[in-house]
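Just below is one structure, and these are the notes that go with it.
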2 protein chains.
Amino acid sequence: MERRLNLEDVGRRAGVSRSTVSRVVNGGHVSSETKRRVEAVIAETGYRPHAAARSLASNSTGVIGLVIPSAAGTLFDDPYFGRLILGISSATNEVDMTLALFLFGDGPDERSIISRVVTPGLVDGVIVTATTRGDPLIDHMQGTNMPFVVVGRPDNAVSTFCVDVDNRAGARTAALHLAALGRSRPALIAAPSNTSAGIDRRNGFLEGLAEAGLSVEDRIAEGDWSQDSGRIAMARLLGGQPDSVFVSSDRMAVGALRAVSEAGLNCPRDISVVSFDGIVPPDLTTPRLTSVVQPVTEVGERAVRLLTSVIGGASTTPEHVVFPTELAVRESCGSTAQARPGA
Amino acid sequence: MERRLNLEDVGRRAGVSRSTVSRVVNGGHVSSETKRRVEAVIAETGYRPHAAARSLASNSTGVIGLVIPSAAGTLFDDPYFGRLILGISSATNEVDMTLALFLFGDGPDERSIISRVVTPGLVDGVIVTATTRGDPLIDHMQGTNMPFVVVGRPDNAVSTFCVDVDNRAGARTAALHLAALGRSRPALIAAPSNTSAGIDRRNGFLEGLAEAGLSVEDRIAEGDWSQDSGRIAMARLLGGQPDSVFVSSDRMAVGALRAVSEAGLNCPRDISVVSFDGIVPPDLTTPRLTSVVQPVTEVGERAVRLLTSVIGGASTTPEHVVFPTELAVRESCGSTAQARPGA
DNA sequence: CATATGGTTGGGAGCGCTCCCAACAAGGAG
DNA sequence: CTCCTTGTTGGGAGCGCTCCCAACCATATG
């Protein structure tokens, strides 16, 4: 097998120097005749520049890392991360970059992988996602000079770039919607309180209720994002005879819906359900789920754009991008209003 | 901001040469006293070798690529790919390699990303997954000298390394199980016939039926892996009054179950359901799904191991790893047998 | 005619590492 | 005492690229 060819070889075949070929490849100034000749040789030989050599010389790799901690077991059961990856991937493709995935669990061994993330010459920057409160990962990143952006709202958001959705406002809208429907005994199935989304959705919902003069009293339970935890939480809450419930994620809401029907109750007649995410295809549940839709894919795309601008030095002062959410009204809340277009 | 330090700098601080530091880092032979001193400097300075420089010099990147074509929309709704990624990721972590993800749709633009996959100096090898029959991707890979293994069964499997599950035998087992339960009007919800899994599961099921002297006659429909396609297919098949059905994926089976109950029928009393994947948590459906379990995570791990051995030159003649499946008997088939341990 | 200008091109230096070979010291064998 | 071995170390060469500066040519200008 013959040796891979390099810039020099291509140059020799085209009768020009290494530098000229490099200029053709990278879009520098070259006379059109020379350019044509060089391009012909490249097409003919199938020459591709060596990524590692390029990285070494230019001090930039064209790779961005995506860090997902606590990626154990159930992670991918929730479509959230899949969507996020899809958004990030399509954005990296668009700017001709490569996506490196760093998944790890909580084991001490696995955490040591973190250090691989900041290996110089491996990635140009990283997107860190879904950390729990107090996770040392963000602090660790801050201690390096690796550019990074956070998807979500980290503890000390002030000093980091981040992209998030307005969980609080979205949940508040859900509360106001239930109140507007005349529901007076709302319940809450919260998401884990060690995550920013969990906290924000809980607070936003309670805030909205308070505005409407309502309260969950003791009708509150916490799930772990899984469908089954939603079912269990709902089964328990039913004892408090709620007439409505805000479930902090679609996935848990599917479980909650099941608990409702298992208890012989009817949604939306006996109980209104509003959830968060807008990620479960509407037709998958009966009744179709009213949900606060968050633009996951857009968040991913925006995170890539923000990161590239940080890498390029265009952004230097921490910036927070917050996406609005939109309430998609369907049948599960018992609203008589039409589903909005795009819901 | 001071310059990143390199081997030379570390060596200077420890009073040794570049080469010696390199040997300490890579586990060469160094006297214990020197080693101690160098390691102290490394710990103190937080030195990390530059990945790109290392790749260039050693001609190996420590990165493996995972290629998933047709990654549009619904891809991640099926937990299959998530599990596969999890398995692959944990295996790469174990051998201290990094995972690069190449997702793309079918658009002509997107397909061009393929060429990025084989960029020299970017990845050491790639795992190609889930291609449809006749996809030019495999041929394209074969035209390069990039090591690769296929997850699944490619068209001309003879000349490629691949890791697959025994879809055919698994589906056959499902058929025999239904036959053993005394069902005589079996139906089939097949998976897309442009995928090897779709073909193998269909053929295996038909083969098993034939052995048992049964036939699906016209009780056959094809879904697209999605839950809703399963529901639609089942709704249609019900017209043929089947007493049992083999659904080619868990995801579609969930939809099928829904169609059964929407038709006012009872599973398993009126109709036995057996599916394939073993990927949907049993408690998520009523009744719990009897399914042919495939070891997705293990497939991913094995693919990484096989690939590294190809990269290392340890494997040179195409090798096919086929994992067996196991029938997990639960309630949806109407079997009176106990669920097996581990089901 | 000399000089300035601008578009092209070539080649040196260097990115940080690995690989290899030579150098050296310290013993043990002859 | 010399020779060989073994263990340890240093440094040259080179991986394939980018970046920069100098050289060159042609044309425009004084």
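Per chain, numbering begins at 1; letters A, B, ... match sequence-line order.
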Reported CZ-to-OG1 distance for the pair B/Arg83 and B/Thr297, which is rounded to 0.5 angstrom: 6.0 Å
Stepwise side-chain hydrogen bond (donor to acceptor under 3.5 Å, both in side chains) test for A/Ser19 and A/Ser22: CA-CA 5 Å; A/Ser19 302; A/Ser22 170; over 6 Å; no
Between C/dT9 (P) and A/Leu7 (CG): distance, integer Å: 15 Å
Any residue meeting salt bridge (charged side-chain N to carboxylate O under 4.0 Å, His left out) with A/Glu8, in chain and number order, not counting sequence neighbours: A/Arg18
Rounded distance (Å) that lies between atom C1' of D/dG14 and atom CG of A/Asn6: 12 Å
Counterpart residues, salt bridge (charged side-chain N to carboxylate O under 4.0 Å, His left out), relative to A/Arg13 (two or more places apart): none
A/Asp9, CG: over 12 other non-hydrogen atoms inside 6.0 angstrom: yes
Those residues of residues 34-61 of chain A lying under 4.0 Å from DNA chain C by at least one heavy atom: A/Thr34, A/Leu56, A/Ala57
Residues in contact with DNA chain C, drawn from residues 18-31 of chain A - heavy-atom cutoff 4.0 Å: A/Arg18, A/Ser19, A/Thr20, A/Arg23, A/His29, A/Val30, A/Ser31
Whether A/Thr160 side chain and A/Cys162 backbone form a donor-acceptor pair below 3.5 Å: no
Terminal helix-axis angle for the helix from C/dC1-D/dG30 to C/dG30-D/dC1, with five pairs defining each axis and rounding to 10 degrees: 60°
Test side-chain contact (heavy atoms from CB on, under 4.5 Å) applied to B/Phe148 and B/Val310, B/Val128, B/Val67, the passing residue: B/Val128
Check: B/Phe102 main-chain N/O paired with B/Arg116 side-chain donor or acceptor under 3.5 Å: no
Spacing of B/Arg12 atom CZ relative to C/dG16 atom P, expressed in whole Å: 12 Å
Verdict with supporting geometry, B/Glu301 and B/Arg305, salt bridge (Lys or Arg N to Asp or Glu O under 4.0 Å): CA-CA 6 Å; B/Glu301 290 172 348; B/Arg305 290 219 306 281; 5.4 Å; no
Set of salt bridge (charged side-chain N to carboxylate O under 4.0 Å, His left out) partners for A/Arg153, sequence neighbours left out: A/Asp200
A/Asp9 CG - D/dG16 C1' separation (whole Å): 10 Å
